[in-house]
Amino acid sequence: MQSNAALEYDYSVAKLFTYTTILFGFLGMLIGTLIAAQMAFPELNYMLGEYGTFSRLRPVHTNTVVFGFTLSGVFATFYYVGQRVLKVSMAESKFLMFMGKFHFWLYFVGALLATVSLLLGYSQSKEYAQYEWPIDIVIVLIWVSWGVSLFGLIGIRREKTLYISMWYYIATFLGIAMLYLFNNMSVPTYFATEGLGNIMHSVSMYSGTNDALVQWWYGHNAVAFGFTVPIVAMVYYFLPKESGQAIYSYKLSLLSFWGLMFVYLWAGSHHLLYSTVPDWMQTMGSVFSIVLILPSWGSAINMLLTMKGEWNQLTENPLIKFMVLASTFYMLSTLEGPIQAIKSVNAIAHFTDWIPGHVHDGVLGWVVFMIMAALFHMAPRMFKREIYSKSLIEKQFWLQTTAVVLYFTSMWIAGITQGMMWRAVDEYGNLMYSFIDTVAVLQPYYAIRALSGVLYLTGFLMFAYNMIKTMTASRELTQEPQFRSPMA
Amino acid sequence: MDIRELQGYANFFMTIFLVIMLYGYIIHLYRSEKKGESDYEKFGNIALDDEIDSKPIVPNPKTMNENEEQNK
Ligand code: HEM
């Protein structure tokens with residue numbers, strides 16, 4: 001009982017993952033900006049031999065931002081939020097402390113190996129599942145160690161009810177575990193051929209259409225359980241906590257949760273419209289994508305309503321600004337996605353730049369904004385210092401918002417132009433344009449996207465600088481802030 | 001009926017089943033609150049009052065025995 005009085009939350013693992021969020025965020029977006037520039041100015045492909053080409057760097061970009069930046073953010077916030085909503089400290093269990101640190105270091109080493117393997121050109125050629133089988137095994141171990149931490153912490157909790165964020169973290173864990181395992185089932189050629197094949201090569205256990213189906217069931221739900229579910233977990237904790245307002249409707253949050261779980265897993269076949277998968281499955285993909293608007297907007301509207309009567313905070317507190325804009329971008333991209341999944345729209349949108357446009361209004365406006373706001377909120381509590389500069393956050397906000405708008409508007413125009421040009425025919429039914437005609441028309445939009453990359457990256461550097469200054473040079477706090485994060 | 005058609009029907013009926021479950025859940029949530037059996041909205045405070053020594057909304061009997069008294 002006495003020892004309990006001095007008990008504190010232990011943020012050592014959350015801090016470690018905070019560092020990697022910043023590091024991988026910077027690297028991933030640097031490469032994103034580089035490949036965006038390569039699309040506009042192709043000479044940039046030839047700076048580093050084979051290692052610097054678009055084709056080699058694109059998977060490095062996607063995997064670094066998804067599995068490096070976003071997952072680090074998910075883990076950092078989990079090791080922070082998990083303790084707090086379960087009201088139990090990691091310091092209370094030596095085993096959990098060990099597992100948390102083990103999880104981190106395995107993750108860090110795994111991430112380095114994985115990135116090197118991509119740079120060397122090893123790839124399964126499946127989007128977001130490029131890593132070859134030895135790396136996959138390491139990833140499974142990383143995931144299992146997170147699972148042990150997650151359920152270990154839940155096992156010793158004081159708060160019996162699992163707060164809604166915990167449900168989302170658990171869903172992230174289970175969802176990715178299932179999807180990753182199924183999609184990466186493959187036969188290593190080296191073992192299948194008694195030593196003839198390359199050790200870093202494998203062949204999928206599924207073939208043809210089945211392979212495509214499993215891949216996009218995975219691919220779409222990697223977005224669901226990597227970019228949506230854990231980010232919703234964050235917004236459900238950090239927005240109420242930072243604003244001091246309880247969730248507008250807890251029942252709606254439960255409903256949206258089960259709705260999302262129910263609907264999301266069936267929508268993946270919208271990536272395969274007009275392909276060889278059974279027709280009913282394509283229709284199902286479209287229909288479920290439209291239905292997906294409901295649970296997505298359920299969460300987003302719940303967040304906006306949480307601010308009811310407190311909208312003054314939007315102007316006073318830049319972290320609220322980030323989170324409210326994130327929720328709004330979440331609404332935008334969860335409306336845009338279903339529209340793209342309608343068959344007739346998809347006929348124009350598929351394979352065009354509108355798709356990366358859609359991806360990035362989601363990730364830049366929603367995922368990155370939410371993760372940065374979460375880390376800003378955590379910093380004064382973890383490092384016991386106030387946030388270094390409020391005005392820098394304000395400037396960063398406007399710079400990055402401009403960048404997101406430039407990114408998705410340029411890609412909307414580029415994508416629709418491209419889609420229309422590809423299908424345009426003259427009066428005799430001949431195609432009016434060759435591929436290179438489209439490239440020439442799109443070049444200015446690629447240049448705008450590269451510029452938006454530079455702006456966004458600059459904003460991220462401002463975030464990183466602000467965080468590092470907060471950790472090292474900011475005014476020390478004597479008391480933990482209850483709601484609003486203190487900033488200079 | 002070949003396997004693909006069968007899969008299609010299986011999917012259809014499973015969807016109907018899950019829709020019923022989901023609506024059932026909504027009704028369950030609202031009804032149990034109306035009858036006063038449970039109050040879901042109070043769980044929103046788990047995020048707001050999350051100090052390590054603050055009183056849990058629903059204490060976990062497994063871990064609370066020794067320090068329940070202290071938090072009262
Ligand atoms: C400075 C910011 C960024 C820039 C300039 C950028 C740029 C790019 C470019 C040029 C592509 C390739 C598009 C193509 O093949 O036509 C791409 C793809 C992608 N990026 Fe980014 N990116 C940025 C940040 C991010 C972040 C933060 C995330 C996720 C958290 C992300 C996730 C993705 C994904 C998932 C794809 C694949 C899209 C698809 O296949 O349709 N990006 N990015």
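Hydrogens, waters and symmetry mates are skipped; everything else that's a heavy atom, side chains included, is used.
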Does atom [atom1] of [X] have more than 12 heavy-atom neighbours from other groups under 6.0 Å away?
| X | atom1 | answer |
| --- | --- | --- |
| A/Q479 | CD | no |
| B/Y9 | OH | no |
| A/W167 | CH2 | no |
| B/Y40 | OH | yes |
| B/M21 | CE | no |
| B/F17 | CZ | no |
| A/F182 | CZ | no |

Which answer fits [X], side chain, backbone, both or neither, if we ask what part of it has an atom under 4.5 Å from a heavy atom of chain B?
| X | answer |
| --- | --- |
| A/M284 | side chain |
| A/W280 | side chain |
| A/L254 | both |
| A/F238 | neither |
| A/T306 | neither |
| A/E480 | side chain |

Inter-residue atom distance [X].[atom1] - [Y].[atom2], 0.5 Å rounding:
| X | Y | atom1 | atom2 | answer |
| --- | --- | --- | --- | --- |
| A/E159 | B/K55 | CD | NZ | 9.5 Å |
| A/W266 | B/M14 | CH2 | CE | 3.5 Å |
| A/I156 | B/K62 | CD1 | NZ | 11.5 Å |
| B/Q7 | A/M281 | CD | CE | 6.0 Å |

Relative to chain A, which of B/V19, B/D49, B/N11 shows the most heavy atom pairs under 4.5 Å?
->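 Max contact count across the listed options: B/N11.
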
Side-chain heavy atoms of B/P59 within contact of A/R158, under 4.5 Å =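 The answer is no, as the side chains (C-beta and beyond) never meet within the 4.5 Å cut-off.
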
pair A/P278-B/E5: side-chain heavy atoms closer than 4.5 Å = no

Minimum heavy-atom distance between [X] and [Y], given as atom pair plus value:
| X | Y | value |
| --- | --- | --- |
| A/K241 | B/L48 | NZ-O, 3.0 Å |
| A/V88 | B/I52 | C-CD1, 4.0 Å |
| A/K251 | B/Y30 | CE-CE2, 3.4 Å |
| B/Y25 | A/W258 | CE2-CD1, 3.3 Å |
| A/K87 | B/I57 | NZ-N, 4.5 Å |

Ionic contact status for A/R84 with B/E51, cut-off 4.0 Å |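 Salt bridge present between B/E51 and A/R84.
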
Go through the side-chain N and O atoms of B/D50 and A/Y163 and say whether any donor and acceptor fall under 3.5 Å apart.
-> no

Interface residue of largest heavy-atom contact number with chain B, from A/F483, A/F288, A/Y250, under 4.5 Å | A/Y250

